[in-house]
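Order of listing sets the numbers, starting from 1, for every ligand and every atom in it. For reference, positions follow the sequence shown, starting with 1.
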Amino acid sequence: MTARIIGTGSYVPERVVRNADLAEIVDTSDEWIVSRTGIRERRLAVEEGTSHMAAEAAKRALEDAGVKAEDLDIILLATSSPDNCFPAGACEVQAAIGAVNAVAFDISAACSGFIFGMNTVYGFMRAGIYKTGLVIGADCLSKLTDWSDRGTCVLFGDAAGAAVVRAEEGGLVHMTMGSDGVKGPVLSCVARTTGNFVNGRTPEIGYMYMDGQEVFKFAVKKVPECVNQVLQEAQVSMDEVRYFVLHQANYRIVEAAAKRLKQPMEKFPMNMDRYGNTSGATVPTLLDDLNRAGKLERGDKIVIAGFGAGLTWGAALIEW
Ligand code: COA
């Protein structure tokens, strides 16, 4: 028994922010952003938070799957920008959709989060513990962004994507995950919760920090590495794969991965031009785009792969 995706959904805020809009607040240009990243515009949350976006994506995925919320056994929300320290965003989603029979908890693996969520639910389903699950990747990084830092503020957007997963034969065939905490400081957002009885400080949340070049080097090495690993271990050839659905951080990273894997760019769908890097939401929103455009057929082999803060990385081979 493994975990098969039987429905997808996504949610993006209405507010569109184009590169030219950002050029009005920091020293940048549409030309710089497009040529270095492939991003043209992004959606930014105005009122909605992470849990709201996640719940909306979840409702659409349940509808697509034809599954009732009360039939869910488990809800995993992958996010690194939850609305609160606790309760977990997954519990807020549970309440919003009425999934009264599910256990719900968050997974914190930043941009690798959805992959980690899929791999976790796969483990539960292989073990015969849960039958019907909901995996969501949702992030609202705009609230952790320093809007005066041109090195980061042009890169990210807000979104949520979800997949309903059922324990069936086929589906997620093989997976890998990894992390390297020593390199954690190259991509971080520090929340200082150092207040205590003695010093009485109040908690403060910082902005995200990123060493772009270090993250770039890590990504172009790790993504092809874990894709190769997952295919080799599953004994599936590159040519059998219909799509490589990679984390949408930068089109140059996707291009570099395609080159290293010796696969044509047509197999690497992208949506970062419209949404930017939406962290945990990139892979499920892209899957939802493909699904709703009728581009996925049952039996198609798809590799999903991501990388992010932690540092973390992971991949999975999925049979649609
Ligand atoms: N607009 C204009 N200039 C900018 C800029 C912006 N938004 N951001 C940085 N620059 C400048 C830099 O200050 C630097 O100027 P200098 O040469 O005068 O010092 C110059 O552009 C080149 O900066 P550099 O950092 O070398 O650019 P780059 O080609 O590495 O591209 C990133 C920067 C962030 C796009 C790239 O490093 C990247 O994509 N890294 C990976 C990030 C990532 O994937 N993050 C998500 C992880 S999940």
Side-chain angles (χ1 to χ4, degrees), residues 17-42 44 78-81 107-117 137-142 144-159 161 177-181 183-189 207-226 245-258 268 270-273 275-286 304-315:
V17 176
R18 298 191 173 82
N19 291 345
D21 301 321
L22 295 179
E24 286 177 15
I25 58 168
V26 287
D27 182 11
T28 191
S29 64
D30 180 53
E31 194 277 329
W32 192 95
I33 303 170
V34 173
S35 64
R36 301 285 174 124
T37 70
I39 298 164
R40 293 182 183 276
E41 59 186 45
R42 72 285 293 140
L44 298 184
T79 184
S80 47
S81 50
I107 288 194
S108 177
C111 302
S112 312
F114 181 77
I115 315 283
F116 280 34
D139 270 301
C140 193
L141 289 185
S142 62
L144 304 174
T145 300
D146 177 353
W147 291 100
S148 66
D149 174 13
R150 68 178 181 171
T152 53
C153 78
V154 300
L155 303 176
F156 298 96
D158 302 329
M177 292 185 276
S179 34
D180 179 1
K183 297 222 179 75
V186 304
L187 182 52
S188 63
C189 181
Y207 289 128
M208 80 169 87
Y209 164 80
M210 184 180 72
D211 180 336
Q213 292 193 1
E214 277 305 310
V215 176
F216 194 93
K217 279 189 267 174
F218 151 75
V220 296
K221 183 169 174 283
K222 272 295 169 200
V223 173
E225 228 173 71
C226 66
V245 177
L246 306 187
H247 172 47
Q248 302 286 292
N250 184 320
Y251 86 96
R252 291 188 293 146
I253 294 175
V254 177
E255 264 186 3
F268 294 78
M270 289 192 244
N271 66 6
M272 89 264 292
D273 56 328
Y275 302 142
N277 176 351
T278 58
S279 189
T282 62
V283 170
T285 53
L286 189 48
I304 57 173
F307 64 92
L311 295 173
T312 53
W313 60 91

Q) For Gln213 and ligand 1, does the shortest N/O to N/O distance drop below 3.5 Å? A) yes
Q: Could you check atom 12 (C) of ligand 1 against the protein and tell me its nearest heavy-atom contact, residue, atom and distance included?
A: Arg150 NH2, 3.8 Å
Q: Check whether any side-chain N or O of Ser112 sits under 3.5 Å from a backbone N or O of Gly314 as a donor-acceptor pair, and report yes or no.
A: no
Q: Heavy-atom contacts with Cys111 under 4.0 Å: which atoms of ligand 1 show up? List them by number with element.
A: 48 (S)
(Q) Using modelled atom types and a 3.5 Å cut-off, is there a donor and acceptor pairing between side-chain atoms of Thr312 and backbone atoms of Ser179? (A) no
Q: Determine yes or no for a side-chain-to-main-chain donor-acceptor pair under 3.5 angstrom, with Gln248 supplying the side chain and Asn277 the backbone.
A: no
Q) For ligand 1, which atoms have a heavy atom of Thr37 less than 4.0 angstrom away? A) 35 (C)
Q) So, for atom 19 (O) of ligand 1, does the protein have a heavy atom nearer than 4.0 Å? A) no
Q.
Show the nearest heavy-atom pair for residues Ala249 and Ile39, with the distance to one decimal.
A. O-CD1, 4.1 Å
Q. Would you say Arg42's side chain and Val17's backbone share a donor-acceptor pair under 3.5 angstrom?
A. yes
**Q.** Verify atom 5 (C) of ligand 1: protein non-hydrogen atom under 4.0 angstrom away
**A.** yes
Q) Can you check whether Asn250 has an N/O within less than 3.5 Å of an N/O in ligand 1? A) yes
Q) Should you measure from each heavy atom of Val215, which atoms of ligand 1 turn up under 4.0 Å away? A) 43 (C), 44 (O), 45 (N), 47 (C)
**Q.** Pair Arg150 + Asp27: basic N to acidic O under 4.0 Å
**A.** yes
Q: Quick one: look up the protein heavy atom nearest atom 41 (C) of ligand 1 and list residue, atom name and how far away it is.
A: Gly212 O, 3.4 Å
Q.
Quick check on Arg252: does its CZ atom have over 12 non-hydrogen neighbours (other residues, nucleotides or ligands) under 6.0 Å away?
A. yes
(Q) Show me which atoms of ligand 1 lie under 4.0 Å from any heavy atom of Ala249. (A) 44 (O)
Q: Could you establish whether Asp27 and ligand 1 come within less than 4.0 Å of each other, counting only heavy atoms on the residue side?
A: yes
Q) Does Lys183 pair with Asp180 as a salt bridge, N-O distance under 4.0 Å? A) yes
Q.
Which of the numbered atoms in ligand 1 are under 4.0 angstrom from any heavy atom belonging to Ile253?
A. 44 (O)
Q. What are the atoms of ligand 1, with element, lying closer than 4.0 Å to any heavy atom of Val154?
A. 7 (N)
Q) Where is the nearest protein heavy atom to atom 31 (O) of ligand 1: which residue, which atom, and how far? A) Arg252 NH2, 3.5 Å
Q) Going through the checks in order, is the side chain to side chain contact (heavy atoms under 4.5 Å, CB included) test met by Trp313 and Met177? A) CA-CA 6 Å; Trp313 60 91; Met177 292 185 276; over 6 Å; no
Q) For ligand 1, does Trp32 get within less than 4.0 Å through its side chain, its backbone, both, or neither, judged by non-hydrogen atoms? A) side chain
(Q) Among Val254, Asn250, Thr282, Thr278, exactly one meets side-chain contact (heavy atoms from CB on, under 4.5 Å) together with Met272. Which residue is that? (A) Val254
Q: Report yes if Arg36 has an N/O atom closer than 3.5 Å to an N/O atom of ligand 1; otherwise report no.
A: yes
Q: State the atoms of ligand 1, each with its element, that fall below the 4.0 Å cut-off from a heavy-atom position in Asn277.
A: 46 (C), 48 (S)
Q) Are any of the heavy atoms in Gly151 under 4.0 Å away from ligand 1? A) yes
Q: Please work out whether any backbone atom (N, CA, C, O) or any side-chain heavy atom from C-beta onward of Leu187 is under 4.0 Å from ligand 1, and answer side chain, backbone, both or neither.
A: side chain
Q | Close N or O approach (Thr28, ligand 1; < 3.5 Å) | A | yes
**Q.** Tyr209 vs Asp211, side chain to side chain contact (heavy atoms under 4.5 Å, CB included): CA-CA, chis, key distance, verdict
**A.** CA-CA 7 Å; Tyr209 164 80; Asp211 180 336; 3.8 Å; yes
Q. Among protein heavy atoms, which lies nearest atom 45 (N) of ligand 1, and at what distance?
A. Met210 SD, 3.2 Å
**Q.** Heavy-atom donor-acceptor pair, Asp139 side chain to Ser80 backbone, under 3.5 Å
**A.** yes
**Q.** Criterion side chain to side chain contact (heavy atoms under 4.5 Å, CB included) on Ile115 and Val283, from CA distance to verdict
**A.** CA-CA 8 Å; Ile115 315 283; Val283 170; 4.2 Å; yes
Q. Would Ser142 and Trp147 count as a side chain to side chain contact (heavy atoms under 4.5 Å, CB included) if you check the C-alpha gap in whole Å, the side-chain angles of each, and the deciding distance to 0.1 Å?
A. CA-CA 9 Å; Ser142 62; Trp147 291 100; 3.8 Å; yes
Q: For atom 37 (O) of ligand 1, state whether the nearest protein heavy atom is under 4.0 Å away.
A: yes
Q.
Between ligand 1 and Ile33, can you find any atom pair, the residue atom being a heavy atom, that is separated by under 4.0 Å?
A. no
